[in-house]
Amino acid sequence: MAAARSLLIDPAVVSRAIKGLEEDLGISLFARSTRILKLTTEGARFYRDGTQMLRKFDDTINKFRADTALHGQLKVGMGPALSRPIVLRAISSFQALHPEVRLILISVNDPAQVGDEGIDVFIRPRSLRQRGGEHKQQQGLIVRKLFYSPMVTAASPAYLKRSGVPRTPADLAAHVCTALLTLERDVQDEWQFAKQSKREKFKFTPKLIADGEALREAALAHCGVVRVLAWEIADQLRSGALLQLLPDWECFGGLPIVAIYRKTRSTQSRINALLQHLTKEFRPYDNLIGRTKHQQRDWPWGNKAS
């Protein structure tokens, strides 16, 4: 039988099991002939009631598992535009709560790796094109928002001492600006700003293009001005290693940080626990500029660029 072969079971073993079940029940589950094999009316009812019972049994097992200590493995992919220290601090506190869960962290530089590497959860900024519109996601994937991060422009004190501090978006034309290269290979070489009713667009030809982590390192190496997600440089803004520029201007392009995964019964309880924990740990960074109406003294990293 095809069903037996698909499960790598000897068809003769399956036939004997069905025959024994029919004898115990006193009914015929299948109507058999030389050409066809199909369920009888009693067989169809037995199948329907049996699958319902098994589904309830699975639900009961999963509920009990949810109430007990989590265990097993999760493979977590991390996109380049993530603050590794902030993520790792959240991972550390998760492991303290669930010591039996084994986590494998993998840096992902190509969205195709998610399927190829068997990654259970992929954490990254939501994918947007250079001039708006989302990139297509693979079918069957669930996208869950963890928090929203605004964009900021920033540079190192050494660079600003050498080149001066821009006061308006137009002043950026006199500065060396580094463009972000996204996972989808979009070059973010157009920045947009708003201040009350004013709107300004800054388009430039970058001399340096870098992905998320390299972009932060370029700013720290005094290479020029960068435009990044605020949480990506939160530690550096707090310490003063980088300074926020144009604090009176809203920098467009903020993105939600999302977790992307497939709904899989074997890992779902671990995935749910991890995502709930990350959402809680990342809450201080959620839409912070909007909630404080640009009062940067309320940011976790303080006001370093007044």
Rounded distance (nearest 0.5 Å) linking atom [atom1] of [X] with atom [atom2] of [Y]:
X: Thr168; Y: Phe202; atom1: OG1; atom2: CZ; value: 10.5 Å
X: Leu180; Y: Asp189; atom1: CG; atom2: CG; value: 10.5 Å
X: Arg227; Y: Thr178; atom1: CZ; atom2: OG1; value: 13.0 Å
X: Ile119; Y: Lys75; atom1: CD1; atom2: NZ; value: 7.0 Å
X: Phe46; Y: Leu29; atom1: CZ; atom2: CG; value: 6.5 Å
X: Leu237; Y: Trp231; atom1: CG; atom2: CH2; value: 13.5 Å

Take atom [atom1] of [X] as the centre, draw a 6.0 Å sphere, and report whether it contains more than 12 heavy atoms from other residues, nucleotides or ligands.
X: Arg48; atom1: CZ; answer: yes
X: Gln196; atom1: CD; answer: no
X: Arg45; atom1: CZ; answer: no

Looking just at side-chain N and O atoms, do Asn272 and Gln268 make a donor-acceptor pair shorter than 3.5 Å?
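There is such a pair (donor and acceptor under 3.5 Å, judged by atom type) between the side chains of Asn272 and Gln268.
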Any link between Leu97 and Phe282 through a network of hydrophobic side chains (Ile, Leu, Val, Met, Phe, Trp, Tyr) touching at under 4.5 Å?
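Different clusters.
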Same cluster or not: are Leu208 and Val228 linked, directly or through other Ile, Leu, Val, Met, Phe, Trp or Tyr residues, by side-chain heavy atoms under 4.5 angstrom apart?
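No: no chain of side-chain contacts under 4.5 Å links Leu208 to Val228.
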Electrostatic pair Arg185:Asp211 at N-O distance under 4.0 angstrom
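No salt bridge links Arg185 with Asp211.
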Under 4.0 Å between a Lys/Arg side-chain N and an Asp/Glu carboxylate O for Arg216 and Glu232?
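Yes, charged N to carboxylate O under 4.0 Å.
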Side-chain heavy-atom pair Leu229, Met151 within 4.5 angstrom cut-off:
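Result yes, sub-4.5 Å side-chain heavy-atom pair found.
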Tell me every residue that passes side-chain contact (heavy atoms from CB on, under 4.5 Å) with Thr279, counting only those two or more places apart in sequence or in another chain.
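Thr279 satisfies side-chain contact (heavy atoms from CB on, under 4.5 Å) with Arg144, Leu146 only.
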Which heavy atom of Ala259 sits nearest a heavy atom of Val121, and at what distance?
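Of all heavy-atom pairs spanning Ala259 and Val121, the closest is CB-CG1, 3.9 Å.
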Indicate, with yes or no, if the rings of His175 and Phe204 have centres closer together than 6.0 Å.
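That pair fails the under 6.0 Å test.
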